[in-house]
Amino acid sequence: VSLGVGIFVLLVTVAMILFICVLHIVNVVYRDEKNLKANSPSLNHLIFSGCYVGCVTVIVIVSAEIFVPATQNLNRATLVFYGVHCSVPFWGITVVYSLIVGTVCAKQWRIYRIFTTFRRGLGNSIADTTLIGLVCVLVLLDVIFNIVWNTVDPWMASMSETFTGDVVIVQLTCSTDHHLAWLVTIFIKSGPLTFASFALAYLNRRVHQKAYKETKSINAFAYATTLINITGSIFYLILLLQQSVGYYLVMCAAILMDILLCIFLLFLPPILPLIKQNFFQR
């Protein structure tokens, strides 16, 4: 990654964090307003958390890739930072997916129970605490998976030396003995959640907008994230088989696109009317 592109991505990511913070504050302050209350502000905290984790993951990946990989002066601080960089993305991508897609899937399940099942009505609703608990279980499974994987086959920083005249350039890369096996395991672990989100979006397609305004944007989010994750996985696999470190860029792109979808499909639709009502119609 060139220095200019890397700095641009970092600036964009920081700007996204600041914007998400503003949206999060609005979600807290106006949580009892009709538009936001129907949007499940308590569950939104989990999605916001996933966005924060995703942005931090991107910052760590890009910072390491533009500032560390090739250097003439390799010190202990550089090695420690790159060692952290090797583990953070693979923790981040799994936790982000469970927090964002898992929470959206929980919302979809509640919509399905209320509006689509044979016995319709609010009596079939599921409490926020139950859905939050289910998402926390998904995150806990991710934590256990990452701990086990890093114990058995940890991601490590490896060094290679290149001689350019009288100058020795030390190249740092991340590696694991079973990278392909890790990728297949991630597919198996996240596949059911992706399928469930897509299937629920299809089943909820007939829910009338007046009954639940959030349905259309949630369904669009589910379809878009399914497409992004499948496409990203294919590119990741291709780059991995070519022994290219470009899979880091695919990871960053997938995370940032998922976060942008959260902003434009999940956060802004219920928040914009509130902003208009409270700041522009006085």
Side-chain angles (χ1 to χ4, degrees), residues 1-31 35-36 39-68 80-104 106-107 132 135-136 138-139 142-143 146 174 214 217-218 220-221 224-225 228-229 232 247-275 278-279:
V1 181
S2 66
L3 182 61
V5 173
I7 291 176
F8 174 76
V9 174
L10 288 177
L11 291 175
V12 169
T13 306
V14 171
M16 288 174 65
I17 291 176
L18 295 176
F19 187 56
I20 292 168
C21 285
V22 172
L23 296 177
H24 199 173
I25 291 171
V26 174
N27 183 79
V28 173
V29 173
Y30 295 100
R31 61 186 178 276
N35 284 337
L36 271 182
N39 194 253
S40 306
S42 298
L43 288 172
N44 285 345
H45 292 316
L46 296 175
I47 302 178
F48 280 115
S49 300
C51 291
Y52 295 136
V53 174
C55 288
V56 170
T57 301
V58 170
I59 289 173
V60 171
I61 293 174
V62 175
S63 298
E65 289 302 309
I66 64 176
F67 295 123
V68 176
V80 170
F81 176 71
Y82 205 79
V84 172
H85 156 71
C86 286
S87 297
V88 165
F90 304 100
W91 277 80
I93 193 72
T94 53
V95 172
V96 168
Y97 191 81
S98 291
L99 283 172
I100 294 178
V101 180
T103 304
V104 170
K107 286 188 175 188
I132 291 172
V135 176
C136 289
L138 292 176
V139 175
D142 287 327
V143 171
N146 283 301
C174 292
E214 194 184 14
S217 58
I218 286 182
F221 178 87
T225 51
I228 288 171
N229 292 325
Y247 56 79
Y248 277 118
L249 300 180
V250 173
M251 193 180 293
C252 287
I255 291 174
L256 290 177
M257 283 191 285
D258 282 345
I259 293 173
L260 285 173
L261 287 173
C262 288
I263 292 173
F264 288 104
L265 293 178
L266 302 181
F267 298 149
L268 285 179
I271 286 176
L272 283 178
L274 286 176
I275 296 174
N278 289 279
F279 295 99

Legend entry - Shortest non-hydrogen contact between Ala106 and Val135, atoms and distance: CB-CG2, 4.4 Å
Inset, instruction - Would you check, one step at a time, whether the test side chain to side chain contact (heavy atoms under 4.5 Å, CB included) holds for Asp258 with Asn229? - result: CA-CA 9 Å; Asp258 282 345; Asn229 292 325; 3.6 Å; yes
Inset, instruction - Measure the CG-CG distance between Leu272 and Leu23 for me, rounded to the nearest 0.5 Å. - result: 8.5 Å
Inset, instruction - Of all the heavy-atom pairs spanning Ile61 and Pro89, show the shortest one and how long it is. - result: CG1-CG, 3.4 Å
Inset, instruction - List the atom of Cys51, the atom of Ile20, and the distance in Å for their closest heavy-atom pair. - result: CB-CD1, 3.7 Å
Legend entry - Pairwise distance CG(Leu36) to OH(Tyr30) - rounded to 0.5 angstrom: 10.0 Å
Legend entry - Val104 side chain reached by Thr225 side chain, heavy atoms, under 4.5 Å: no
Inset, instruction - Any chance you could measure Ser217, atom OG, to Leu261, atom CG, to the nearest 0.5 Å? - result: 11.0 Å
Legend entry - Heavy-atom pair of closest approach, residues Phe221 and Ile100: CZ-CG2, 3.5 Å
Legend entry - Tyr97 side, atom OH; Ile255 side, atom CD1 - distance, nearest 0.5 Å: 13.0 Å
Inset, instruction - With rounding to the nearest 0.5 Å, note down the distance linking CG in Leu256 to SG in Cys55. - result: 6.5 Å
Legend entry - Side chain proximity check, Trp91 to Val143, heavy atoms < 4.5 angstrom: yes
Legend entry - Interatomic spacing from CZ in Arg31 to CG in Asn39 - rounded to 0.5 Å: 14.5 Å
Legend entry - Shortest non-hydrogen contact from Lys107 toward Ser40: CE-CB, 4.0 Å
Legend entry - Residue that, paired with Thr103, satisfies side-chain contact (heavy atoms from CB on, under 4.5 Å) out of Leu43, Leu138, Asn44, Leu266: Leu43
Inset, instruction - Identify the heavy atoms of Pro273 and Leu268 that sit nearest to each other, and give their distance. - result: CD-O, 4.3 Å
Inset, instruction - Specify whether Phe48 and Phe267 have parallel, tilted or perpendicular ring planes, treating 30° as the upper limit for parallel and 60° as the lower limit for perpendicular. - result: parallel
Inset, instruction - Would you check, one step at a time, whether the test side chain to side chain contact (heavy atoms under 4.5 Å, CB included) holds for Ile93 with Thr57? - result: CA-CA 8 Å; Ile93 193 72; Thr57 301; 5.9 Å; no
